[in-house]
**Student:** 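Please find one structure pasted underneath; my questions will follow.
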There are 2 protein chains.
Amino acid sequence: MTSLIPSTRDRLVLNAALLFRQKGYHGVGVAEILARAKAPKGSLYHHFPNGKADLALAAADWASAQMQRVAADAFETAKSFDAGATTFCFKLAKLFDLSDHWDGCPVSSTLFEGPQNQAFREKAASVFSGWIDQIAEYGRAAGLPRDIARDRAEALFIGLEGAWVLARALKTSGPIKRLPRLLGFAPGSGDG
Amino acid sequence: MTSLIPSTRDRLVLNAALLFRQKGYHGVGVAEILARAKAPKGSLYHHFPNGKADLALAAADWASAQMQRVAADAFETAKSFDAGATTFCFKLAKLFDLSDHWDGCPVSSTLFEGPQNQAFREKAASVFSGWIDQIAEYGRAAGLPRDIARDRAEALFIGLEGAWVLARALKTSGPIKRLPRLLGFAPGSGDG
DNA sequence: CTACGTGTAGACCAATCGGTCTAATCCCAG
DNA sequence: CTGGGATTAGACCGATTGGTCTACACGTAG
């Protein structure tokens with residue numbers, strides 16, 4: 001069972017994920033993460049011997065899992081792939097609004113603004129591939145051919161990443177909400 | 001006429017733009033910018049009294065202008081809006097490959113990883129709106145109705161931002177090159 | 001010549017950075 | 001109880017951060 005009080009390690013990962021998403025890897029100091037997690041420095045370097053970089057990789061995994069849960073919520077109750085994609089976008093638009101119209105892709109913020117090393121890039125590649133695979137699987141389950149499902153999943157991913165960027169600049173979730181229509185997922189918008 | 005030796009101010013903006021694009025606002029120190037621009041600290045704070053923040057805003061403008069030149073090159077010689085959009089994507093894919101498959105949107109890197117203040121967000125909004133307006137204008141010039149042109153322009157922008165993200169993670173310009181097809185701009189791909 | 005505004009040059013500063021290290025504490029095994 | 005690994009606690013470190021400040025070089029106006 002899960003404890004009501006998260007472990008020190010979990011508090012570190014959770015708060016790191018939130019902060020990295022808001023301010024980017026270099027925009028957050030370990031001191032700030034430690035303060036929010038109410039953990040001393042020794043604990044950080046005990047659980048993550050490589051320090052901030054290790055923590056960022058763990059935070060990216062945590063954020064990825066959370067995003068996949070949102071996707072699962074949307075797609076697994078939907079009557080069609082298009083309906084699932086639409087619900088997914090609207091759920092993310094809602095979360096975006098709740099973050100003062102600021103939070104975009106947690107993985108981009110965490111990994112792309114960090115050191116340009118191979119580990120970070122590979123982690124980003126594996127996380128993003130995982131998302132696209134997951135969404136493509138929902139397409140398959142809804143009866144789409146394999147390559148069509150993959151194309152639709154990639155389109156949704158790309159559209160979402162782009163919409164996050166525009167939404168942040170314009171301070172409105174409009175682009176995210178319009179995404180289903182733009183991609184042809186919305187009812188009456190085309191070949192969906 | 002333009003001098004062969006750029007002014008100190010121009011060297012600062014140019015090098016800041018390149019570095020911010022690669023490493024994000026917080027990922028670059030003023031010392032690094034100064035070293036590349038071969039300028040002393042006093043010059044930076046003479047030309048940009050607010051220091052790094054002012055420089056980032058100027059760098060965003062510079063990067064924006066450069067991007068608009070690429071768009072102009074692509075669209076103004078194209079026979080149709082769709083052809084222009086396709087050429088634009090391929091030009092950007094080429095530039096992406098030349099940057100070791102790394103450089104994405106220069107404005108996102110420069111402004112979104114910086115301090116979350118209003119000035120930065122508003123600058124991003126005005127720059128992105130400028131891009132979309134410009135592309136929509138090419139659509140208008142090619143005979144598209146106003147609202148259709150705007151929709152297509154926004155779709156291209158969103159797709160491009162998203163493709164940059166995926167391309168960086170996967171270390172391939174594939175997503176950028178496939179964008180015209182994904183958006184229905186490529187020949188034989190739909191209603192374009 | 002002097003006077004002055006623009007811009008260059010870099011020493012210098014407090015604050016913060018990520019990281020190391022030792023000591024103390026906790027908790028279970030025996 | 002004792003022993004000992006796991007974890008917490010935070011002082012401490014050198015390096016780097018963005019920014020300030022003074023000195024001076026340069027060109028032009030008077």
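All values below were derived from every heavy atom in this structure, side-chain atoms included, with hydrogens, water molecules and symmetry-related copies excluded. Below, chain A is the first sequence line, B the second, and so on; all start at residue 1.
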**Student:** Could you give the CZ-to-P distance, from B:R9 to C:dT8, as a whole number of Å?
**Tutor:**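 To the nearest whole Å, that distance equals 12 Å.
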
**Student:** Please list all pairs passing the salt bridge (charged side-chain N to carboxylate O under 4.0 Å, His left out) test where one or both residues lie in residues 6-33 of chain B, with sequence neighbours left out.
**Tutor:**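 Of all non-adjacent pairs touching residues 6-33 of chain B, those that pass salt bridge (charged side-chain N to carboxylate O under 4.0 Å, His left out) are B:K23-B:E32.
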
**Student:** Below 4.0 angstrom, which residues in residues 107-119 of chain A have at least one non-hydrogen atom near DNA chain C?
**Tutor:**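 Heavy-atom contacts with DNA chain C come from no residue of residues 107-119 of chain A; none.
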
**Student:** Tell me every residue that passes side chain to side chain donor-acceptor pair (under 3.5 Å) with B:D103, counting only those two or more places apart in sequence or in another chain.
**Tutor:**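 In terms of side chain to side chain donor-acceptor pair (under 3.5 Å), with neighbours along the sequence ignored, B:D103 is linked to no residue.
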
**Student:** Name all pairs fulfilling the salt bridge (charged side-chain N to carboxylate O under 4.0 Å, His left out) condition that reach into residues 157-167 of chain B, sequence neighbours left out, sorted by first residue then second.
**Tutor:**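 Salt bridge (charged side-chain N to carboxylate O under 4.0 Å, His left out) check on residues 157-167 of chain B returns no pairs.
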
**Student:** Is A:F81 close to A:F75 at the side-chain level, that is, under 4.5 Å between some pair of heavy atoms?
**Tutor:**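 Side chain of A:F75 against side chain of A:F81, heavy atoms only: contact under 4.5 Å found.
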
**Student:** Once you round to the nearest 0.5 Å, how far does CZ of A:F128 lie from CG of B:L170?
**Tutor:**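 Going from the CZ atom of A:F128 to the CG atom of B:L170 covers 9.0 Å.
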
**Student:** Just verifying a value: how many Å separate A:R181 CZ and A:T86 OG1, rounded to the nearest 0.5 Å?
**Tutor:**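 Interatomic distance, A:R181 CZ to A:T86 OG1, rounded to 0.5 Å: 12.0 Å.
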
**Student:** Taking only residues at least two apart or on different chains, which pairs with a member in residues 137-149 of chain A satisfy side chain to side chain donor-acceptor pair (under 3.5 Å)?
**Tutor:**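 Every pair satisfying side chain to side chain donor-acceptor pair (under 3.5 Å) with a residue in residues 137-149 of chain A: A:E76-A:Y138, A:Q134-A:Y138.
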
**Student:** Give the residues of residues 19-42 of chain A touching DNA chain D, defined as any heavy atom closer than 4.0 Å, sorted by residue number.
**Tutor:**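 Listed by number, they are A:P40, A:K41, A:G42.
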
**Student:** Would you say A:T8 reaches D:dT8's phosphate, i.e. side-chain N/O to OP1/OP2 under 4.0 Å?
**Tutor:**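 The answer is yes; a side-chain N or O of A:T8 sits under 4.0 Å from OP1 or OP2.
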
**Student:** Only distances under 3.5 Å count here; give the side-chain donor-acceptor pairs of residues 113-125 of chain A to other protein atoms, sequence neighbours excluded, each with its distance to 0.1 Å.
**Tutor:**
unit_1: A:N117; atom_1: OD1; unit_2: A:A119; atom_2: N; d: 3.2
unit_1: A:N117; atom_1: OD1; unit_2: A:F120; atom_2: N; d: 2.9
unit_1: A:Q118; atom_1: NE2; unit_2: A:E122; atom_2: OE2; d: 2.8
unit_1: A:R121; atom_1: NH1; unit_2: B:H101; atom_2: O; d: 2.9
unit_1: A:R121; atom_1: NH1; unit_2: B:R168; atom_2: O; d: 3.4
unit_1: A:R121; atom_1: NH2; unit_2: B:D100; atom_2: O; d: 3.3
unit_1: A:K123; atom_1: NZ; unit_2: A:D61; atom_2: OD1; d: 3.1
unit_1: A:K123; atom_1: NZ; unit_2: A:D61; atom_2: OD2; d: 2.7

**Student:** Residues in side chain to side chain contact (heavy atoms under 4.5 Å, CB included) with A:D73, at least two apart?
**Tutor:**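 With sequence neighbours excluded, A:D73 shows a side chain to side chain contact (heavy atoms under 4.5 Å, CB included) to A:K91, given in chain and number order.
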
**Student:** Sort me out a list of protein N/O and nucleotides 23-26 of chain C N/O pairs below 3.5 Å, or just none if empty.
**Tutor:**
none

**Student:** Kindly write out the residues that satisfy ring pair (Phe, Tyr, Trp, His ring centres under 6.0 Å) with B:F20, not counting sequence neighbours, or none if the list is empty.
**Tutor:**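 Ring pair (Phe, Tyr, Trp, His ring centres under 6.0 Å) list for B:F20, sorted by chain: B:Y25.
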
**Student:** Does B:R178 pair with A:D151 as a salt bridge, N-O distance under 4.0 Å?
**Tutor:**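 Looking at B:R178 and A:D151, the cut-off is not met.
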
**Student:** Quick one, which residues of residues 43-60 of chain A touch DNA chain D with a heavy atom under 4.0 Å?
**Tutor:**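 Hits under 4.0 Å, by residue number: A:S43, A:H46, A:H47.
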
**Student:** Listed by chain and number, what are the side chain to side chain donor-acceptor pair (under 3.5 Å) partners of A:Q22, not counting sequence neighbours?
**Tutor:**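 Result, side chain to side chain donor-acceptor pair (under 3.5 Å) vs A:Q22: none returned.
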
**Student:** When rounded to the nearest 0.5 angstrom, what is the spacing between CD in B:Q68 and CD1 in B:I135?
**Tutor:**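 Rounded to the nearest 0.5 Å, the CD-CD1 separation comes out at 8.5 Å.
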
